[in-house]
K.L.:
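Encoded as structure tokens, here's the structure I'll be asking about.
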Amino acid sequence: MLTSDGLGHAQFLPLWRDAMFGADPKERARLTLELGRAIVREEKRVPTLLVAVVEGRDDPLVLMPLAEPPVRTEHGVRDGVTTRLATLGASEVYVLLAVRGGGATGVPSALLACWGEHIAGDEVCVMMPFRFGPEGLEEAEVLLAPDATATSFSRELSGLLGSRH
């Protein structure tokens with residue numbers, strides 16, 4: 001199982017691409033979360049990144065950094081993303097994002113998540129709580145949502161692949 005532990009973003013990216021090719025949707029979501037971990041560790045920032053899988057291309061992975069998540073309330077961002085995914089003919093999409101929290105201890109915390117959907121309607125969601133404490137980055141265990149459709153990520157992000165395919 002490929003992890004980003006001990007690797008920087010640039011070192012992890014080629015390994016990530018290779019691993020993504022033969023992976024199933026759950027593993028692709030986990031791998032995308034690992035990419036996010038590498039970015040958080042190295043750059044101390046939380047990226048919003050969209051990964052589209054386009055079958056039939058030499059490089060089926062299309063990475064799109066986003067200024068903000070394509071949630072249902074952000075029509076401009078969402079319309080642009082759904083149009084781009086339809087133009088590409090994407091069969092899968094994964095959105096890497098973070099939700100910031102206050103932290104009961106006063107230390108700011110966040111939830112790094114990767115939510116994804118397949119053109120057939122299947123969804124997946126993996127998450128990992130983390131925070132920057134006094135001794136640096138502290139990460140909790142990566143969790144797979146038992147029912148991705150029951151998450152708030154699904155309510156806000158589902159339908160990105162639309163019905164234009």
Side-chain angles (χ1 to χ4, degrees), residues 2 4 9-10 12-101 109-130 142-165:
L2 179 65
S4 61
H9 176 224
F12 184 68
L13 194 58
L15 300 172
W16 174 83
R17 282 187 169 280
D18 289 345
M20 288 286 281
F21 281 105
D24 66 19
K26 286 180 184 174
E27 180 64 2
R28 284 182 173 159
R30 189 197 67 77
L31 286 166
T32 301
L33 188 85
E34 284 294 325
L35 180 61
R37 285 184 64 221
I39 295 169
V40 167
R41 270 195 323 272
E42 184 174 298
E43 300 177 16
K44 308 269 189 292
R45 69 177 180 90
V46 179
T48 300
L49 179 68
L50 185 136
V51 178
V53 178
V54 183
E55 297 174 15
R57 289 178 41 148
D58 288 338
D59 183 359
L61 301 174
V62 178
L63 279 72
M64 294 181 245
L66 300 173
E68 56 191 295
V71 296
R72 293 185 188 282
T73 57
E74 296 295 331
H75 298 290
V77 174
R78 188 172 178 91
D79 291 347
V81 166
T82 56
T83 299
R84 176 78 170 125
L85 291 171
T87 301
L88 288 169
S91 59
E92 295 172 53
V93 64
Y94 300 89
V95 179
L96 176 70
L97 68 155
V99 177
R100 297 190 187 272
S109 61
L111 179 69
L112 184 64
C114 179
W115 172 89
E117 75 179 330
H118 188 276
I119 192 69
D122 298 329
E123 295 182 29
V124 63
C125 184
V126 292
M127 302 165 277
M128 183 198 73
F130 74 96
V142 174
L143 308 166
L144 174 67
D147 180 4
T149 62
T151 66
S152 62
F153 299 110
S154 177
R155 287 187 294 280
E156 292 293 331
L157 297 167
S158 66
L160 289 175
L161 294 174
S163 57
R164 299 183 219 188
H165 290 44

K.L.:
Provide the closest heavy-atom pair for Ala113 versus Phe153 in the form atom of the first, atom of the second, distance.
P.N.:
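Scanning both residues completely, I find the closest heavy atoms to be CB-CZ, 3.5 Å.
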K.L.:
To the nearest 0.5 Å, what is the distance between CG (Leu97) and CE (Met127)?
P.N.:
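The CG atom of Leu97 sits 11.0 Å away from the CE atom of Met127.
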K.L.:
List the residues meeting side-chain hydrogen bond (donor to acceptor under 3.5 Å, both in side chains) with Arg155, not counting sequence neighbours, and say none if there are none.
P.N.:
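By the side-chain hydrogen bond (donor to acceptor under 3.5 Å, both in side chains) rule, Arg155 matches no residue at all.
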K.L.:
Are side-chain heavy atoms of Val53 and Val93 found at a separation under 4.5 Å?
P.N.:
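Side-chain contact under 4.5 Å: no.
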K.L.:
How many angstroms lie between atom CG of Leu160 and atom CZ of Arg72, to the nearest 0.5 angstrom?
P.N.:
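Taking CG in Leu160 and CZ in Arg72, the distance rounds to 8.0 Å.
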K.L.:
Write down the atom of Trp115, the atom of Glu123, and the distance for their closest heavy-atom approach.
P.N.:
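What the structure gives for the nearest pair is NE1-OE1, 3.0 Å.
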K.L.:
Let me check something: any side-chain donor-acceptor pairs from residues 57-71 under 3.5 Å, sequence neighbours excluded? List them with distances.
P.N.:
residue: Arg57; atom: NE; partner: Asp59; partner atom: O; Å: 3.2
residue: Asp59; atom: OD1; partner: Arg17; partner atom: NH1; Å: 3.1
residue: Asp59; atom: OD1; partner: Leu61; partner atom: N; Å: 3.2
residue: Asp59; atom: OD2; partner: Arg17; partner atom: NH1; Å: 3.1

K.L.:
For Leu112 and Arg37, what are the C-alpha separation, side-chain angles and deciding distance, and is it a side-chain contact (heavy atoms from CB on, under 4.5 Å)?
P.N.:
CA-CA 8 Å; Leu112 184 64; Arg37 285 184 64 221; 4.1 Å; yes
K.L.:
Let's go through Trp16 and Glu34 carefully: what are the C-alpha distance in whole Å and the side-chain angles of both, what is the deciding distance for side-chain contact (heavy atoms from CB on, under 4.5 Å) to 0.1 Å, and is it a yes or a no?
P.N.:
CA-CA 8 Å; Trp16 174 83; Glu34 284 294 325; 5.6 Å; no
K.L.:
Could you check whether any side-chain N or O of Thr151 sits under 3.5 Å from a backbone N or O of Ala148, counting only pairs where one atom can act as donor and the other as acceptor?
P.N.:
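Side chain of Thr151 to backbone of Ala148, a donor-acceptor pair under 3.5 Å: yes, one is there.
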K.L.:
Should Met128 and Leu33 count as side-chain neighbours, where that means a heavy-atom distance under 4.5 Å?
P.N.:
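Yes, their side chains come closer than 4.5 Å.
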K.L.:
Give me the atom names and distance for the closest heavy-atom approach of Glu117 to Leu157.
P.N.:
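Smallest interatomic distance, heavy atoms only, reads OE2-O, 4.3 Å.
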K.L.:
Please find the pair of heavy atoms, one from Tyr94 and one from Cys114, that lie closest to each other, and give the distance.
P.N.:
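Heavy-atom minimum between the residues: CB-SG, 3.9 Å.
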K.L.:
Could you grab the distance from atom CE of Met20 to atom CD of Glu27, nearest 0.5 Å is fine?
P.N.:
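If I round to the nearest 0.5 Å, the distance is 9.0 Å.
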K.L.:
Roughly how far, to the nearest 0.5 Å, is CD of Glu156 from OG1 of Thr73?
P.N.:
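Nearest 0.5 Å value for the OG1-CD distance: 5.5 Å.
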K.L.:
State whether the side chain of Ser154 and the backbone N or O of Ala150 hold a donor-acceptor pair below 3.5 Å, judged by distance alone.
P.N.:
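Not a single qualifying donor-acceptor pair exists.
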K.L.:
Using a 4.5 Å cut-off on heavy atoms from C-beta on, say whether the side chain of Leu50 contacts that of Val81.
P.N.:
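Yes; the side chains approach each other to less than 4.5 Å.
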K.L.:
So, do Leu31 and Leu35 sit near enough that their side-chain heavy atoms are less than 4.5 Å apart?
P.N.:
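No - every pair of side-chain heavy atoms lies 4.5 Å or more apart.
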K.L.:
Rounded to the nearest 0.5 Å, what's the gap from SG on Cys125 to CG on Asp147? Could you check?
P.N.:
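That separation rounds to 10.5 Å.
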K.L.:
State, to 0.1 Å, how close Leu96 and Gly36 come at their nearest heavy-atom pair, and which atoms those are.
P.N.:
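Scanning both residues completely, I find the closest heavy atoms to be CD2-CA, 3.4 Å.
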K.L.:
Can any side-chain N or O of Arg100 pair as donor or acceptor with the backbone N or O of Ala110 at less than 3.5 Å?
P.N.:
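No.
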K.L.:
Which atoms form the tightest heavy-atom contact between Pro14 and Ala10, and what is the distance?
P.N.:
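In this case the closest contact between Pro14 and Ala10 is CD-O, 3.2 Å.
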K.L.:
Are the side chain of Arg30 and the backbone of Leu2 linked by a donor-acceptor contact shorter than 3.5 Å?
P.N.:
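Yes; at least one donor-acceptor contact below 3.5 Å.
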K.L.:
Could you grab the distance from atom CD of Glu92 to atom CG of Leu85, nearest 0.5 Å is fine?
P.N.:
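So the gap between those two atoms works out to 12.0 Å.
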K.L.:
Treating Arg28 as the side-chain partner and Phe21 as the backbone partner, does any N or O pair qualify as donor plus acceptor under 3.5 Å?
P.N.:
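Yes.
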